[in-house]
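Throughout, protein chains are lettered first and strands after them, A, B, ... in sequence-line order, and every chain is numbered starting at 1. Note that the structure is predicted; figures quoted are calculated from it, not measured.
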Amino acid sequence: DVKVTQSSRYLVKRTGEKVFLECVQDMDHENMFWYRQDPGLGLRLIYFSYDVKMKEKGDIPEGYSVSREKKERFSLILESASTNQTSMYLCASSFGDRRYYGYTFGSGTRLTVV
Amino acid sequence: TQLLEQSPQFLSIQEGENLTVYCNSSSVFSSLQWYRQEPGEGPVLLVTVVTGGEVKKLKRLTFQFGDARKDSSLHITAAQTGDTGLYLCAGVPGTNAGKSTFGDGTTLTVKP
């Protein structure tokens with residue numbers, strides 16, 4: 001079964017900490033995405049990548065960075081965690097032309113910043 | 001930014017009833033996808049519709065893409081408790097480089 005695996009289901013971090021969220025896919029997908037999901041705000045795109053070492057800003061990139069050193073791995077970095085970054089973080093991947101192929105999502109990481 | 005509006009936001013029905021969820025936009029999309037998300041999990045892709053007027057069926061679920069490719073609907077026949085979840089639509093813009101737009105979702109509760 002194809003999979004997108006996020007390293008942690010639940011994470012609690014302190015304000016100011018540097019936080020790494022890891023995502024690995026086993027489907028050889030070119031495209032990878034990081035979203036956050038908040039009640040009333042839906043899914044908001046943070047960053048995405050169409051190829052190794054390539055990244056594009058999404059709608060809300062402030063306070064975040066990403067790394068894609070290998071095709072299967074896409075990491076989200078919170079440079080200095082703040083309480084307003086408490087959220088559900090979802091990683092997704094897709095194959096080729098997204099008009100025809102949808103996203104495969106991971107199970108999510110629920111991050112709480114205290 | 002292209003916006004997608006879903007309605008209703010919340011829906012609570014009895015098992016066996018039929019329902020329709022709508023996804024509307026003023027923008028044209030090259031395709032539209034529907035996902036279902038259960039609590040604590042990521043969304044799971046149900047269907048992709050590409051052609052204006054296209055109708056796709058997945059067991060008791062029927063998906064339709066509007067003729068102008070600006071809107072879509074999801075109809076569930078004889079809902080079951082297992083259909084409970086958050087239903088999301090996502091519009092894919094005209095080029096692959098564009099960012100998909102997600103609606104805010106419809107939370108469906110099917111009571112036994």
Within the 6.0 Å centroid threshold, strictly below: Tyr50(A) and Phe48(A): yes

Test item: [X] and [Y] side chains (from C-beta on) under 4.5 Å apart, heavy atoms:
X         : Y        : value
Leu58(B)  : Val47(B) : no
Gln25(A)  : Lys3(A)  : no
Thr104(A) : Leu45(B) : no
Tyr64(A)  : Arg36(A) : yes

Check: Tyr87(B) main-chain N/O paired with Gln6(B) side-chain donor or acceptor under 3.5 Å: yes

Short side-chain to backbone donor-acceptor contact, Gln14(B) and Glu17(B), under 3.5 Å: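 No, the answer is negative, given that no donor and acceptor are paired below the 3.5 Å cut-off.
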
Intermediate values then yes/no, salt bridge (charged side-chain N to carboxylate O under 4.0 Å, His left out), Lys111(B) and Glu15(B): CA-CA 6 Å; Lys111(B) 295 178 283 188; Glu15(B) 198 168 28; over 6 Å; no

For chain B, find its close neighbours in [range]: heavy-atom separation under 4.5 Å, sorted by number, or none.
range                       : value
residues 37-47 of chain A   : Gln37(A), Gly40(A), Leu41(A), Gly42(A), Leu43(A), Leu45(A)
residues 83-94 of chain A   : Met88(A), Leu90(A)
residues 105-114 of chain A : Phe105(A), Gly106(A), Ser107(A)

Intermediate values then yes/no, ring-ring contact (aromatic ring centres under 6.0 Å, His included), Tyr35(A) and Phe102(B): CA-CA 11 Å; Tyr35(A) 285 88; Phe102(B) 278 84; 5.3 Å; yes

Option that, when pairs with chain A are counted at under 4.5 Å, heavy atom only, ranks first among Val44(B), Val50(B), Val49(B):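 Of Val44(B), Val50(B), Val49(B), Val50(B) has the most heavy-atom pairs under 4.5 Å with chain A.
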
Neighbours of chain A found in residues 31-42 of chain B - heavy atoms under 4.5 Å: Ser31(B), Gln33(B), Tyr35(B), Gln37(B), Gly40(B), Glu41(B), Gly42(B)

Inter-residue atom distance Thr5(A).OG1 - Glu22(A).CD, 0.5 Å rounding: 12.0 Å

Atom pair CD/CD of Glu79(A) and Glu62(A) - distance to nearest 0.5 Å: 13.0 Å

Side-chain donor-acceptor pair present, Tyr22(B), Thr106(B), cut-off under 3.5 Å: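 Not at all, the side chains of Tyr22(B) and Thr106(B) share no donor-acceptor pair under 3.5 Å.
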
Within 6.0 angstrom of Gln9(B) CD, more than 12 heavy atoms from elsewhere: no

Thr77(B), Asp83(B), Asn18(B) screened by side chain to side chain donor-acceptor pair (under 3.5 Å) with Arg60(B), the one that passes: Asp83(B)

